[in-house]
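As the structure is a computational prediction, the values presented were derived from the model and not from experiment. We're numbering straight along the sequence, starting at 1.
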Amino acid sequence: MADVHLSVDAAIPQALAQVKEGKADTVILSLNAKFDGLAVDRVGVLTVEEIAKLMPAKDARYTLHQFSHEHEGKQTTAYMFLYYCPEAAPPKFKMSYSTFKATAVKVVTAAGIEINKQFECSEPAEIKADAFITELYPKTADKKVISKAKPKKKK
């Protein structure tokens, strides 16, 4: 599928550079009113909970977040790309944001940021650190060995 043209606001590379340089950990992106341009909605240092509170009830957003967390006793970070699209969003918003998601990801990776995990949700309540941890480190099911019953001895 060919990329759909989307103009990119000049502030986006600067905002992504701030994340890469450690001056910010979050960039929230939105489509403009005509749905033909990607713009910076917010850039800064935000917790996962703060990001959830910033998500609008009837509009979608793309968010890049450098998620700091502990894993196996070590402090680490991961770049999470969040695609948020609420059920209450108008169909035109849902279609447009869905169409341009791949382009938004390319804009982030073109800035030299390797996305560790993409996360999609439709409610702010789904945006939680625990959910990010589960996405990054899924638990593997223990394999149970089922053995055949031994045949009964004939008498």
Hey, quick one: are [X] and [Y] part of the same hydrophobic cluster, counting side-chain heavy atoms closer than 4.5 Å, chains of contacts allowed?
{"X": "Leu38", "Y": "Val19", "answer": "yes"}
{"X": "Ile51", "Y": "Leu29", "answer": "no"}
{"X": "Tyr83", "Y": "Ile127", "answer": "no"}
{"X": "Met80", "Y": "Ile28", "answer": "yes"}
{"X": "Val108", "Y": "Phe119", "answer": "no"}

Sequence neighbours left out, cut at 3.5 Å: what donor-acceptor pairs do the side chains of residues 109-117 make with other protein atoms?
unit_1, atom_1, unit_2, atom_2, d
Thr109, OG1, Val105, O, 3.2
Thr109, OG1, Lys106, O, 3.2
Asn116, OD1, Tyr79, N, 2.6

- Ring centers of Tyr62, Tyr97 separated by less than 6.0 Å: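 Yes, they do, as the ring centres are separated by less than 6.0 Å.
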Not counting sequence neighbours, which residues clear side chain to side chain contact (heavy atoms under 4.5 Å, CB included) with [X]? List them please.
{"X": "Lys94", "answer": "Cys85, Glu87, Ala89"}
{"X": "Gln18", "answer": "Lys23, Ala24, Val43"}
{"X": "Pro13", "answer": "none"}
{"X": "Glu126", "answer": "Cys121, Ser122, Glu123"}

Among residues at least two apart in sequence or on other chains, which ones pass side-chain hydrogen bond (donor to acceptor under 3.5 Å, both in side chains) with [X]?
{"X": "Thr26", "answer": "His65"}
{"X": "Glu120", "answer": "Lys101"}
{"X": "Asp25", "answer": "none"}

Quick one: pull up [atom1] in [X] and [atom2] in [Y] and give me the separation to the nearest 0.5 Å.
{"X": "Leu46", "Y": "Lys53", "atom1": "CG", "atom2": "NZ", "result": "11.5 Å"}
{"X": "Ile133", "Y": "His71", "atom1": "CD1", "atom2": "NE2", "result": "8.0 Å"}
{"X": "Phe100", "Y": "Leu6", "atom1": "CZ", "atom2": "CG", "result": "5.0 Å"}

- Task: Could I get the full list of ring-ring contact (aromatic ring centres under 6.0 Å, His included) partners for Phe67, not counting sequence neighbours?
- Result: His69, Phe132
- Task: Would you mind reporting whether Pro56 and Tyr84 have side-chain heavy atoms less than 4.5 Å apart?
- Result: yes
- Query: Val8 versus Thr103: any side-chain heavy-atom pair under 4.5 Å?
  - Reply: no
- Query: Ala88 and Ala57: which non-hydrogen atoms are nearest, and at how many Å?
  - Reply: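 Minimum heavy-atom separation between Ala88 and Ala57: CB-O, 3.6 Å.
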- Query: Apart from Val45 itself, which Ile, Leu, Val, Met, Phe, Trp or Tyr residues share its cluster (side-chain heavy atoms under 4.5 Å, direct or through members)?
  - Reply: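 For Val45, no cluster forms, as it stays isolated from other hydrophobic side chains.
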- Message: Please list all pairs meeting ring-ring contact (aromatic ring centres under 6.0 Å, His included) that have one or both residues in residues 7-31, counting only residues at least two apart or in different chains.
- Response: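 ring-ring contact (aromatic ring centres under 6.0 Å, His included) check on residues 7-31 returns no pairs.
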- Message: Show me the pairs that pass salt bridge (charged side-chain N to carboxylate O under 4.0 Å, His left out) and involve residues 61-76, at least two apart or across chains.
- Response: Asp41-Arg61, Asp59-Arg61
- Might you work through the side chain to side chain contact (heavy atoms under 4.5 Å, CB included) test for Val27 and Ile12, ending with a clear yes or no? CA-CA 8 Å; Val27 176; Ile12 293 175; 5.8 Å; no
